[in-house]
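Remarks on the structure that follows.
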2 protein chains.
Amino acid sequence: MISKNTDLKARRREEILNMATPIFAERGYQRTDLQVVADRLKVGKGTLYRYFPTKRALFLAAVRRGMHCLTAYVDGAVKDLSDPLEQIAGGIRAYLEFFQTNPSLVELIIQERAEFNDRSRPTYFEHRDANMGRWKDLIRRMIAAKQVRDIPVERVSEVIGNLLYGTMFTNYFLGATKSHDMQTEDILDIVLHGILNPESGGSEAVTKRKSTKRPISSGRKIKEKMRGLSLE
Amino acid sequence: MISKNTDLKARRREEILNMATPIFAERGYQRTDLQVVADRLKVGKGTLYRYFPTKRALFLAAVRRGMHCLTAYVDGAVKDLSDPLEQIAGGIRAYLEFFQTNPSLVELIIQERAEFNDRSRPTYFEHRDANMGRWKDLIRRMIAAKQVRDIPVERVSEVIGNLLYGTMFTNYFLGATKSHDMQTEDILDIVLHGILNPESGGSEAVTKRKSTKRPISSGRKIKEKMRGLSLE
DNA sequence: CCTTGCGGACGGACTCGTCAGTCCATATAC
DNA sequence: GTATATGGACTGACGAGTCCGTCCGCAAGG
């Protein structure tokens with residue numbers, strides 16, 4: 001009996017989140033009137049407050065739910081792939097694909113950052129950190145297998161993570177023009193092989209720099225030149 | 001006489017933007033009360049409205065101003081570099097450096113997206129597009145010089161652009177742990193050389209895929225598996 | 001050199017709309 | 001009949017934008 005009620009309550013919460021998510025996404029957090037959410041659900045505003053203590057809690061629950069869906073989606077896409085490289089490719093593709101079919105979540109992520117800059121770290125990064133470990137392990141194994149160069153794992157995971165993060169936003173803001181398949185290819189091409197021409201005589205001088213401690217360091221003097229541009 | 005007045009007005013606008021920028025950044029757009037801005041300037045709220053017709057206009061002026069500073073900073077840092085590769089490195093470093101010393105602008109960029117999702121494209125991308133052309137030219141020249149592989153210019157500029165965008169946000173949200181010099185190195189290492197081990201026998205099978213039309217395409221069946229996860 | 005009058009810049013009290021969250025009268029279930 | 005869920009009117013806070021009385025700098029006139 002209790003479980004049934006609890007179950008019912010959980011289902012109701014889901015329904016509310018389902019309705020609230022696109023409204024939050026469309027109007028933004030501040031400009032969303034919970035009365036509107038209630039009306040669309042054909043429910044009184046008071047009822048909403050029985051399920052979520054504050055507007056903020058309701059909103060954050062929606063974000064958390066969205067991030068869970070993302071994780072589940074990517075995990076599911078990667079699960080059955082054995083080849084490490086295919087796992088990476090599949091993960092990237094699933095990530096971009098998910099956000100393309102669920103633009104609401106992008107908006108929610110933005111709204112969260114905009115409204116709750118008091119939170120220690122955004123929900124996105126909490127989930128990101130929770131899942132990053134598995135990807136790092138994968139890369140470590142690839143390095144051990146000599147498939148990937150011997151570079152710090154952090155460097156690889158960070159660069160790829162940031163690249164995906166940026167790509168996801170750009171796709172949303174500018175409207176993705178390519179399919180995620182082609183986009184995945186583009187990303188992989190550069191991340192896997194780099195942009196330098198390996199056969200170029202000219203690039204050798206450049207490539208050699210890589211071995212020095214501070215490869216390309218003409219930035220010190222630039223810094224001196226650029227004073228007085230500060231914003232605040 | 002007229003020009004002196006106009007000048008004065010312009011200087012006053014600058015002062016207002018100077019004061020408003022950190023307040024918008026700290027409290028967010030919606031939660032910023034223009035009365036507070038006025039108070040800090042020791043000025044009446046009415047005076048603010050003499051210089052900017054609406055809160056929105058004041059805010060957007062602050063964003064535009066910030067993006068101009070960024071552009072000027074990066075341009076200045078790159079101007080005197082002749083080697084194309086150093087130009088890229090210098091540009092990346094300057095970009096990250098600027099946002100690290102001007103976190104307010106990051107916040108303003110987020111706030112703009114969060115509040116004005118009606119705008120066709122965010123100020124950031126307007127400026128980005130305006131400046132991207134010169135970078136594309138640079139890459140084209142590098143390809144012609146065989147310094148860079150013969151891949152679509154768009155692919156290079158997009159991937160690097162998105163990577164920087166994502167890195168900038170991540171630095172801000174998580175608090176950059178590394179210096180931008182080291183970060184620039186990390187980014188360049190991967191973007192220039194890729195992560196694959198060029199000497200690996202195992203990676204050859206993988207590298208070969210690159211030449212096929214659709215390199216790694218196990219994504220079709222995944223898509224079928226993942227139904228019912230949609231957010232909305 | 002002082003006085004008076006004028007035009008534009010300024011301040012900040014005020015208005016008005018908007019919501020988050022509450023609370024109690026009512027409906028429904030048992 | 002009691003207990004619990006529900007609706008939606010209501011309250012209180014907040015803040016954008018307005019509006020009018022005031023102040024200041026300057027010019028002409030005494």
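The analysis underlying the following values was restricted to heavy atoms, covering all of them including side chains, and did not include hydrogens, waters or symmetry mates. Residue numbers start from 1 in every chain, and the chains themselves are labelled A, B, ... in the order their sequence lines are given, proteins ahead of strands.
- Atoms CG (A/L41) and C1' (D/dG8) sit 15 Å apart, rounded to a whole Å.
- Note: A/Y124 and A/F99 have tilted aromatic rings, judged against thresholds of 30 and 60 degrees for the angle between ring planes.
- Of the possible polar contacts, one joining the A/Q111 side chain to the B/A114 backbone as a donor-acceptor pair under 3.5 Å is found.
- B/L48 has its CG atom 16 Å from the P atom of C/dA9, to the nearest Å.
- Under the 3.5 Å distance criterion, with hydrogens and angles disregarded, no donor-acceptor pair is assigned to the side chains of A/R13 and A/N18.
- Computed from C1' positions of five pairs at each end, the angle between the two local axes of the helix from C/dC1-D/dG30 to C/dC30-D/dG1 equals 10°, rounded to 10 degrees.
- Of the possible donor and acceptor atoms, none in the side chain of A/R121 sits under 3.5 Å from a partner among the backbone N and O of A/F125.
- A parallel orientation is assigned to the rings of B/F169 and B/F173, their planes being inclined by less than 30° (bins at 30° and 60°).
- Side-chain N/O atoms of B/R12 include one lying less than 4.0 angstrom from OP1 or OP2 on C/dC10.
- The interatomic distance linking A/D39 (CG) with C/dA20 (C1') rounds to 15 Å, in whole Å.
- Side chain of B/V43, nearest nucleotide from C/dG11, D/dG7, C/dC10: C/dG11.
- With respect to B/R140 and B/D137, a salt bridge is recorded, a charged nitrogen being found less than 4.0 Å from a carboxylate O.
- Rounding to the nearest 0.5 angstrom, the gap separating the OG1 atom in B/T21 from the CG atom in B/L58 is 8.0 Å.
- The distance from atom CZ of B/R50 to atom P of D/dC20 is 14 Å, rounded to the nearest whole Å.
- One interatomic measurement links the two molecules: CZ of B/F52 to P of C/dC10, which rounds to 13 Å at whole-angstrom precision.
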What are the atom names and distances for every N/O pair under 3.5 Å that joins the protein to nucleotides 9-17 of chain D?
| from | atom 1 | to | atom 2 | distance (Å) |
| --- | --- | --- | --- | --- |
| D/dA16 | OP1 | B/T32 | O | 2.8 |
| D/dA16 | OP1 | B/K55 | NZ | 2.5 |
| D/dA16 | OP2 | B/D33 | OD1 | 3.0 |
| D/dA16 | OP2 | B/L34 | N | 3.1 |
| D/dA16 | N7 | B/K45 | NZ | 3.0 |
| D/dG17 | OP2 | B/Y49 | OH | 3.0 |
| D/dG17 | OP2 | B/K55 | N | 3.1 |
| D/dG17 | N7 | B/K45 | NZ | 3.0 |
| D/dG17 | O6 | B/K45 | NZ | 2.9 |

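- Side-chain N or O atoms of B/R93 include none that pairs as donor or acceptor with a backbone N or O of B/E185 at under 3.5 Å.
- Judged by the 6.0 Å and 45° rule, A/K55 forms a cation-pi pair with A/Y29.
- Rounded to an integer number of Å, the gap from B/Y51 OH to C/dG8 P is 15 Å.
- Atom CD in A/E115 sits about 12 Å away from atom P in C/dA20, given to the nearest Å.
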